[in-house]
Student: 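Here's a structure for you.
A quick note: this is a predicted structure, and the numbers were derived from the prediction, not measured. By convention here, the first residue in the shown sequence is residue 1.
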Amino acid sequence: MDDELRERIEREAEKHALLNAVKHDSDADVGAIMGPLMGENPDFRQHGGEIPGLIGPVVAEVNRLSAGEKRDRLEDLAPEELAEMEAEEDADDSLLPDLPNVEAYDEVRMRAAPNPNGPWHLGHARMPAVIGTYKEMYDGSFIVRFDDTDPETKRPDLTAYDAILDDIDYLGFEPDDVIRASDRVKTYYDYARELIEMGGAYTCSCSGEEFSNLKNDGKPCPHRDKDPETTREEFEDMVEGEYSSGEMVLRVKTDIEHKNPALRDWVAFRMIDTPHPREEAADYRAWPMLDFQSGVDDHLTGVTHIIRGIDLQDSAKRQQFVYDYFGWDYPEVVHWGHVQVDAYDVKMSTSSIKELIDSGEVEGWDDPRVPTIKSLRRRGIRGQAIVDAMVGLGTSTSNVDLSMSTVYANNRDLVDDDTDRYFLVRDGTEFAVEGGSDSAHPPLHPSFEERGTRDIPVGDSVLLESGDVPAEGERVWLKGFGAVRREGDSLVATGDDLDVVREGDVAVIHWAPTDGVPVRMRTMDGDVTGVAEPDFGDVPADELVQFERVGFVRVDDRGDDETVVYFAHK
């Protein structure tokens with residue numbers, strides 16, 4: 001290699017080391033820059049064996065610079081690439097598109113409108129994640145409105161109200177207002193009465209089948225032209241509970257010949273015999289349909305922008321008739337597609353999960369096998385990891401897929417620096433140990449030497465995972481202890497130094513003393529048992545740690561016989 005090529009390699013290495021360091025706000029890494037370096041300079045490849053040793057000192061020199069010095073040096077060497085990188089980072093910070101017509105409003109006000117029929121599954125996290133992010137973008141308001149006006153088919157679960165608010169808090173957001181629609185039934189009655197006075201609604205006692213046939217034929221219901229006084233009297237009888245379920249409804253008068261039959265004279269109120277589970281609402285029998293209730297509430301609470309599924313486009317069209325009667329301006333609407341989540345065998349549906357819990361197939365809403373927010377929280381996933389993944393999906397009208405690997409990668413970035421390391425051996429094979437030290441002292445965290453080390457006594461025997469058991473006569477390196485050779489049922493210390501690992505001759509494996517801490521690890525695929533090193537016994541419940549070569553886990557419970565942990569991810 002001549003001097004000119006050497007200088008060029010060093011110059012390019014410095015640029016890529018600076019790009020790597022500035023982008024990740026950390027020290028550069030030789031391995032991380034080799035790919036981009038070779039990709040941009042194909043003629044370097046013939047010298048691939050020499051280059052790591054050549055660029056190592058260059059990378060070390062870059063790492064001695066402060067963050068500000070790194071950026072200044074990169075601006076001197078590659079100003080265009082620095083600008084491009086910073087532009088990409090700015091774009092990443094605002095993954096959500098701008099909301100429409102925000103300049104027309106003094107304040108952006110948005111709402112999440114959960115049905116409290118059970119705790120939230122993972123798909124529910126998308127709405128508060130996006131609305132909460134928009135609130136921060138526009139310094140707006142975030143309303144939570146519980147749409148709980150169906151005490152029968154989507155019967156509210158009394159524990160779900162607080163559970164949902166707890167999930168929103170876990171995701172990192174605080175609503176500016178919390179509303180329960182079942183507290184506002186009298187308000188909906190008042191607006192129904194006004195609509196009747198305008199001639200915009202009528203009571204109808206047709207059977208569902210009768211009205212459906214008329215509607216589909218574009219023919220008016222025989223009750224459509226009854227006078228407002230009769231409609232008002234019959235509506236008051238509905239309010240007083242004088243009719244049974246299915247006997248009478250109140251319909252909004254729209255266009256009976258509308259090209260979309262779903263918009264023709266839709267139901268605003270119906271009778272439900274089943275009492276509401278909330279004591280405050282148990283006496284009501286005439287309940288508003290969601291399109292009426294939600295439309296009125298959006299106006300009264302000053303909602304400026306609504307996000308709803310693409311399959312609910314008819315809701316805005318139905319509500320527009322009511323808004324036109326009252327002379328209200330309809331909010332801006334953003335429609336998006338559904339989100340699908342991989343990695344779970346359980347359907348992402350509140351009712352389906354509830355059936356599994358009731359049947360005993362899973363243990364509860366926080367069982368690691370179910371795709372719920374409570375489950376992820378118990379596993380040690382940070383709410384911000386979910387929010388970042390959901391925001392990253394944007395607001396496309398197409399259906400989108402959320403890969404759990406994205407959530408896990410986000411979480412790893414959030415927790416890696418804070419999680420100490422320990423050894424866990426699953427279903428281990430026992431070996432006697434001969435020679436070597438009485439104990440091992442691996443670091444609590446490889447990147448933070450100041451945290452100190454763990455003390456792992458070797459004792460008379462240790463456990464190895466089945467996949468790590470060496471063949472007869474083969475050497476392995478027990479992390480923190482050293483090289484050993486298998487001789488029958490024993491592992492004999494060889495005294496080799498770390499060069500045998502660097503040269504690739506010896507695999508590095510983890511281990512645990514046989515008298516370590518019994519562990520039950522709960523995973524998405526079922527429970528796994530094992531033994532952890534003794535120092536793990538001092539880790540308090542609710543702490544997150546990383547079992548080396550296994551993954552991140554959250555300590556759930558310290559029992560007398562075993563410690564229960566929940567597996568988060570690798």
Side-chain angles (χ1 to χ4, degrees), residues 1-95 384-385 388 392 405-406 408-419 421 442-451 477 479 497-505 508 546 548-549 570:
M1 181 187 301
D2 59 33
D3 290 343
E4 182 179 349
L5 178 60
R6 183 185 300 273
E7 289 177 5
R8 186 168 149 237
I9 291 172
E10 290 176 342
R11 186 169 60 251
E12 286 294 304
E14 183 183 10
K15 181 188 77 172
H16 283 285
L18 288 165
L19 283 167
N20 179 262
V22 172
K23 180 176 181 178
H24 297 288
D25 192 24
S26 64
D27 285 345
D29 179 80
V30 172
I33 72 171
M34 280 293 291
L37 181 67
M38 296 299 200
E40 282 192 14
N41 303 276
D43 57 315
F44 290 179
R45 292 173 185 169
Q46 60 181 311
H47 304 285
E50 301 173 71
I51 286 180
L54 181 60
I55 69 175
V58 176
V59 172
E61 191 65 31
V62 166
N63 289 340
R64 292 190 185 98
L65 302 175
S66 69
E69 290 171 333
K70 289 172 183 171
R71 189 194 176 284
D72 291 344
R73 177 62 177 156
L74 182 58
E75 191 167 28
D76 290 338
L77 285 182
E80 292 182 1
E81 293 180 61
L82 173 63
E84 182 179 349
M85 182 178 69
E86 291 182 336
E88 289 176 355
E89 290 175 351
D90 289 342
D92 288 343
D93 290 340
S94 55
L95 290 171
Q384 188 62 49
D388 290 344
S405 63
T406 301
Y408 299 155
N410 292 344
N411 198 64
R412 192 179 302 111
D413 289 341
L414 293 169
V415 305
D416 185 74
D417 286 352
D418 297 327
T419 50
R421 272 49 169 174
L444 276 167
H445 196 296
S447 301
F448 300 96
E449 293 182 3
E450 65 274 12
R451 291 189 195 171
W477 186 281
K479 291 195 73 172
D497 62 24
L498 200 56
D499 286 342
V500 296
V501 174
R502 295 192 184 103
E503 293 165 3
D505 297 333
V508 178
Q546 183 183 0
E548 296 195 44
R549 302 177 68 228
K570 289 187 177 294

Student: Give a yes or no on whether the backbone of T419 and the side-chain of R421 come within a donor-acceptor separation of less than 3.5 Å.
Tutor: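 Side chain of R421 to backbone of T419, a donor-acceptor pair under 3.5 Å: yes, one is there.
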
Student: side-chain contact (heavy atoms from CB on, under 4.5 Å) between D416 and H445: does it pass, once the steps are laid out?
Tutor: CA-CA 9 Å; D416 185 74; H445 196 296; 4.1 Å; yes

Student: Please test E10 against I55 for side-chain contact (heavy atoms from CB on, under 4.5 Å), starting from the C-alpha separation and ending with a verdict.
Tutor: CA-CA 6 Å; E10 290 176 342; I55 69 175; 6.0 Å; no

Student: Might you point out which heavy atoms bring N410 and A385 nearest each other, and give the distance in Å?
Tutor: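 That would be ND2-O, 3.1 Å.
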
Student: Once salt bridge (Lys or Arg N to Asp or Glu O under 4.0 Å) is applied, do any residues pair with E69, and if so which ones, sequence neighbours excluded?
Tutor: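 Here no residue qualifies.
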
Student: First locate atom OG of S66, then atom CG of D72, and finally report the distance between them rounded to the nearest 0.5 Å.
Tutor: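 Rounded to the nearest 0.5 Å, the OG-CG separation comes to 8.0 Å.
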
Student: Closest approach of R412 and K570, non-hydrogen atoms and distance?
Tutor: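 Nearest heavy atoms, R412 then K570: NH2-O, 2.7 Å.
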
Student: In Å and rounded to the nearest 0.5 Å, what is the CD1 to CG distance from I9 to N41?
Tutor: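 Output value for this atom pair is 8.5 Å.
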
Student: Are L74 and R71 close enough that some pair of their side-chain heavy atoms sits under 4.5 Å apart?
Tutor: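 No; the side chains remain at least 4.5 Å from each other.
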
Student: Which residues satisfy the side chain to side chain donor-acceptor pair (under 3.5 Å) test with D497, sequence neighbours excluded?
Tutor: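 Partners of D497 under the side chain to side chain donor-acceptor pair (under 3.5 Å) test: none.
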
Student: Considering residues, nucleotides and ligands other than E450, do more than 12 of their heavy atoms fall under 6.0 Å from its CD?
Tutor: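 Yes.
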
Student: Nearest 0.5 angstrom please: K23 NZ to L82 CG, how far?
Tutor: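 Rounded to the nearest 0.5 Å, the NZ-CG separation comes to 12.5 Å.
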
Student: Go through the structure and list residues passing salt bridge (Lys or Arg N to Asp or Glu O under 4.0 Å) with D76, not counting sequence neighbours.
Tutor: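 D76 satisfies salt bridge (Lys or Arg N to Asp or Glu O under 4.0 Å) with no residue once adjacent residues are dropped.
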
Student: Contact between L37 and I51 at the side-chain level, heavy atoms closer than 4.5 Å - yes or no?
Tutor: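 L37 vs I51: side chains touch.
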
Student: Please report the closest heavy-atom contact between K70 and L18, naming both atoms and the distance.
Tutor: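 Smallest interatomic distance, heavy atoms only, reads O-CD2, 3.6 Å.
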
Student: Can you check whether V62's main-chain N or O pairs, donor with acceptor, with R73's side chain at less than 3.5 Å?
Tutor: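 Checking the backbone N and O of V62 against the side chain of R73, no donor-acceptor pair under 3.5 Å is found.
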
Student: Donor-acceptor check, side chain of N63 to backbone of D27, threshold 3.5 angstrom: yes or no?
Tutor: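 The answer is no, because no donor-acceptor pair under 3.5 Å joins these two groups.
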
Student: Restricting to side chain to side chain donor-acceptor pair (under 3.5 Å), what partner residues turn up for E40, sequence neighbours left out?
Tutor: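 Only K15, H16 meet the side chain to side chain donor-acceptor pair (under 3.5 Å) criterion with E40.
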
Student: Listed by chain and number, what are the salt bridge (Lys or Arg N to Asp or Glu O under 4.0 Å) partners of E548, not counting sequence neighbours?
Tutor: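 With neighbours one apart ignored, the set is R454, K479.
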
Student: To the closest 0.5 Å, what do you measure between CG (D413) and CD (Q384)?
Tutor: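 The distance works out to 11.5 Å.
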
Student: Is it the case that atom CD in E449 sees more than 12 heavy atoms from other parts of the structure closer than 6.0 Å?
Tutor: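 It does not: E449 CD has 12 such atoms or fewer within range.
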
Student: Under the salt bridge (Lys or Arg N to Asp or Glu O under 4.0 Å) test, which residues partner R451, sequence neighbours left out?
Tutor: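 R451 satisfies salt bridge (Lys or Arg N to Asp or Glu O under 4.0 Å) with D420 only.
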
Student: Write down the atom of A21, the atom of A28, and the distance for their closest heavy-atom approach.
Tutor: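 Between these two residues, the closest heavy atoms are CB-N, 4.0 Å.
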
Student: Considering all heavy atoms of both residues, which atom of L54 and which atom of R6 are nearest to each other, and what is their separation?
Tutor: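 L54 and R6 have their closest heavy atoms at CD1-NH1, 3.3 Å.
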
Student: Can we say R8 and E4 salt-bridge, meaning some charged N sits less than 4.0 Å from an Asp/Glu carboxylate O?
Tutor: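 Not counted as a salt bridge, because no side-chain N and carboxylate O are separated by less than 4.0 Å.
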
Student: Which heavy atom of L5 sits nearest to which heavy atom of F44, and what is that distance?
Tutor: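 Closest pair (atom of L5, atom of F44, distance): CD1-CE2, 3.8 Å.
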
